[in-house]
2 protein chains.
Amino acid sequence: MCSRRKGDPIPTPSKVKPRKSAGQRSRSRPEVAYHHGDLRRALIEAALALAADGGPAAVSVREAARRAGVSPAAPFRHFASRDALLIAVAEEAQRRFRAEIDAALSDLPADAPLQRLRALAVAYFRWAMRNPAHFEIISTRSAFDHQTSVSVAQDNAELIAMTERLLAEAARRGDMAEIDLKAAQITGRALVYGLARMQIDGHFPRWGVAADDVERTAEQAIDLFIRSLGRRD
Amino acid sequence: MCSRRKGDPIPTPSKVKPRKSAGQRSRSRPEVAYHHGDLRRALIEAALALAADGGPAAVSVREAARRAGVSPAAPFRHFASRDALLIAVAEEAQRRFRAEIDAALSDLPADAPLQRLRALAVAYFRWAMRNPAHFEIISTRSAFDHQTSVSVAQDNAELIAMTERLLAEAARRGDMAEIDLKAAQITGRALVYGLARMQIDGHFPRWGVAADDVERTAEQAIDLFIRSLGRRD
DNA sequence: ACCTGAACACCGTTCAAGT
DNA sequence: ACCTGAACACCGTTCAAGT
């Protein structure tokens, strides 16, 4: 209903010639407005909406094109393949995710590493819960090709390094029992990822956790873990 | 190459008429052999092979039919839809999984609940690691429709009840610190599911765990959790 | 510089017809 | 009682042609 029909007037593209000078990319977004406004953007949003109900598998290039009001071939001007479109969605998701984590930690004291770790875990879970489609696209290998993009990988590496620093700092301060740090890191990560995936994959009901109890339960689990790291005396 | 070609002789079906008497299903498997031998079986196996590389999304009814040497329409005599085929694969996976878990617990003392819980967790992880396609089909909601079958749900419920019993028994025996049992159950489950999914989704490399270290690391994490349940005195 | 239209080789699914 | 063949409405992707 909302797509362009044959015969409708086509808005002419603006006449600007945005020549990127070599080695330099414009700050906000390399692609500029065309006929559509910003087709690239529209396609990413359509893809996300499709993923939101039906999961990543339900994302179709043709359907995204339809929703953006362009022909089936148009998206391939902006994305080399369906996978490339999904990767673009993943990149945006990862960016937003990072921003949210950073915000959650910003007003916490720098000298309370375990408290920061807890906040990190809780923010992670909450984000996954509120952005299930984004989360699944970032996490699930088989969602598409797999080879996650460089920018996603880097963002991820920084997050991993962060958990490492926080644990090391907690140990240095004597906040922790004598636990192998690597083991603690993997345990915490698996716990939080597991909680998020249980939510995404709809497991909580069968484990006897009602929908409006999920968040509280997840926090309880996280607390149990954080406390288990502490000294026992 | 291996599919039947037009003109090849078609083996005639055996002349038995397997009339199921009402309300009673034959023990081993309701479907009997036809022309193909057992097309249902062949399709399930082909589907599994397809899922093994490429994930559940890569399962195609037509390709499964091709591999079984039948026409594209033939599978729909045995499965109402692609989803129904995937559900059949999931049911078989769940059966095998249950058998493996039961075997892992069979030679363990009945009066050591935390030891049994540990063995359950380790067996769960190992099975996921060695049967990634099966595991993903059982676990991932968006793999197909979602509505997992009744038999899968029941098998699952029994496993959940088992973890509950083991924890309650450990508490009764005084093996545990004062911890909310529900919280402990969810924490343990999320940890083990998270470990399994990290493996399936290929996360371990970026968390600095090499392939041949994954199993040992997972067991370390499980031990850390089991120990955190214990009394602190 | 971007988009369309038509085409190709795929899908899941249905249905009449064959044995 | 099971399977084929042809058909339908979809898909991802390519490519010549349009503006």
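The model shown is predicted, which means the values in this text are computed figures rather than measured ones. All chains are named by letter (A, B, ...) in the order of the sequence lines, taking the proteins before the strands, and each is independently numbered beginning at 1.
Between F135(B) and Y193(B), the ring planes lie tilted relative to each other; the angle falls in the 30° to 60° range. Taking the six-membered ring where tryptophan is involved, the planes of F125(A) and F204(A) are perpendicular, since the angle between them exceeds 60° and thus also 30°.
Under a 4.0 Å N-O distance rule, the pair E45(B)/R67(B) does not qualify as a salt bridge. Of the charged side-chain nitrogens involved, none lies within less than 4.0 Å of a carboxylate oxygen, so that E219(A) and R216(A) do not count as a salt-bridged pair. E91(B) and R96(B) are not joined by a salt bridge, as no carboxylate oxygen comes within less than 4.0 angstrom of a charged side-chain nitrogen.
There is a side-chain donor-acceptor pair under 3.5 Å between T140(A) and R197(A).
Not one side-chain nitrogen or oxygen of H78(B) sits closer than 4.0 Å to the OP1 or OP2 atom of dC2(D).
Shown here are the side-chain hydrogen bond (donor to acceptor under 3.5 Å, both in side chains) partners of E215(A), two or more places apart in sequence or in another chain: R126(A), R130(A).
A distance-only check finds a donor-acceptor pair linking the side chain of H203(A) to the backbone of S139(B) [under 3.5 Å].
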For this session: Represent DNA chain D in dot-bracket notation, 5' to 3'. Only Watson-Crick or G-U wobble pairs with both distances under 3.5 Å count; pseudoknot-style crossings use [ ] and interstrand partners use |.
Result: ||.|||||...|||||.||
Problem set entry | Base-contact (B) and sugar-phosphate-only (S) positions in nucleotides 7-19 of chain C, heavy-atom cut-off under 4.0 Å, - elsewhere | B---BBBBB----
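Distance, R40(B) CZ to dA1(D) C1': 16 Å, rounded to whole Å.
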